[in-house]
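Treat the numbers as computed from the prediction; the structure is a model and nothing was measured.
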Amino acid sequence: MTSSDLATTAPQAFFLVIAAGSATSLGASVIFSPRLLSLTSKRGLAACLGAAAGVMLYVAFLDIFTKCVDAYGEGDREYGAAYALATATFFVGFGVYAVLHRVVQWLNPQADDCCGADFLDAKPAGDETAENSLESGEVRAIDTPPLEDTHSLRLKRTGLMTATAVAIHNLPEGLVTFVAYTADPTIGISLAIAIAVHNVPEGLCVAVPIYYATGNRWKAFGVATASGLSEVLGGGLGWIVLASSNSGEGVHPDVYGALFGLVGGLMVVIGVCELLPAAHKYDPEDTLTTKSVVFGMAVMALSLVLLNL
């Protein structure tokens, strides 16, 4: 990629990162509508997460890894050496995720359980009338003042710790979107959509416990939005790396090889360790999750086939 190409695609890629991160706000905005909050479907969330996982896994194995090998293979390097380097950097992505996950576990040992399906069944502490009005079809504003009891404090802590976990995990997702778009805008857009889809339930996971603990919609919405926009930092890191390694003739192929390998590994581990477990929490009987994974892969495969005709 030449300097002029990077100058054109980098701002577009960064805007795409911001758009994907902002999807967290879309999920959080449900708290402004009691009816939407009551209609939130666990199976629907599971289907979205499964499809997003399918897209990311298919692209990582069949497109990003191939680009990684090709980038390392430019010049005089033999194919075997290029493939070995691609494999090594691919698993470095697993290591980066492991470090980030360990940080999250250190901050909150219960992080893996803070975004289960039970948050959809909760209600504002002490607000019996809100639940009754929803069951009867009557929609009224819920402005219950916060109750400083054990239940509300636990919900607030759950929301804040979920926000921390989401923010840290979103950093590599911003890097994934940015690098993928600079290499291939079509792939970048597809990944941004997949990431945006799974950011929606993350916004719910953050906003709902905080709102139910405090009664403050805007505070809950603001915390959820901030956790999603941490993807911007990941995108900014990708921009800095590419710009700093960009000589007059363009970015060195090995830089792209390293980034592709890292991004591919991150995509796989995000799909396997985040998206699929979350989907199974919402769909424990696996009525939709596996089908959605295959559907996401099929849609991504079809789009790539059409692009290569």
Does a side-chain heavy-atom distance below 4.5 Å link [X] with [Y]?
X	Y	answer
Glu231	Leu175	no
Cys48	Val200	no
Pro11	Trp239	yes
Phe260	Val69	no
Leu259	Leu242	yes
Arg77	Asp254	yes
Tyr181	Phe14	no

Below 6.0 angstrom between ring centroids: does that apply to [X] and [Y]?
X	Y	value
Phe94	Tyr97	no
Tyr211	Trp218	no
Phe61	Phe65	no

Do any pairs count as a side-chain hydrogen bond (donor to acceptor under 3.5 Å, both in side chains) and have a residue in residues 51-76, sequence neighbours left out, and if so which ones?
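Pairs touching residues 51-76 that pass the test: Asp63-Lys67.
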
Any chain of hydrophobic side-chain contacts (each under 4.5 Å) joining Val241 to Leu85?
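Hydrophobic grouping puts Val241 apart from Leu85.
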
Criterion side-chain contact (heavy atoms from CB on, under 4.5 Å) on Val55 and Val299, from CA distance to verdict
CA-CA 8 Å; Val55 169; Val299 169; 5.8 Å; no

Distance-minimising heavy-atom pair for Pro277 and Gly271:
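Where Pro277 meets Gly271 most closely, the heavy atoms are CD-O, 4.4 Å.
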
How close do Ala192 and Thr177 get, heavy atom to heavy atom, and via which atoms?
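For Ala192 and Thr177, the tightest heavy-atom pair comes out as CB-CG2, 3.8 Å.
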
Does CZ belonging to Phe32 count more than 12 external heavy atoms closer than 6.0 Å?
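Correct, the count exceeds 12.
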
Would you say Thr225 and Ser25 are linked by a side-chain donor-acceptor pair, where the criterion is simply a distance under 3.5 Å?
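There is such a pair (donor and acceptor under 3.5 Å, judged by atom type) between the side chains of Ser25 and Thr225.
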
Output yes when Asp286 and Lys291 qualify as a salt bridge under the 4.0 Å nitrogen-oxygen rule, no when they do not.
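Result for this pair is no, no salt bridge flagged.
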
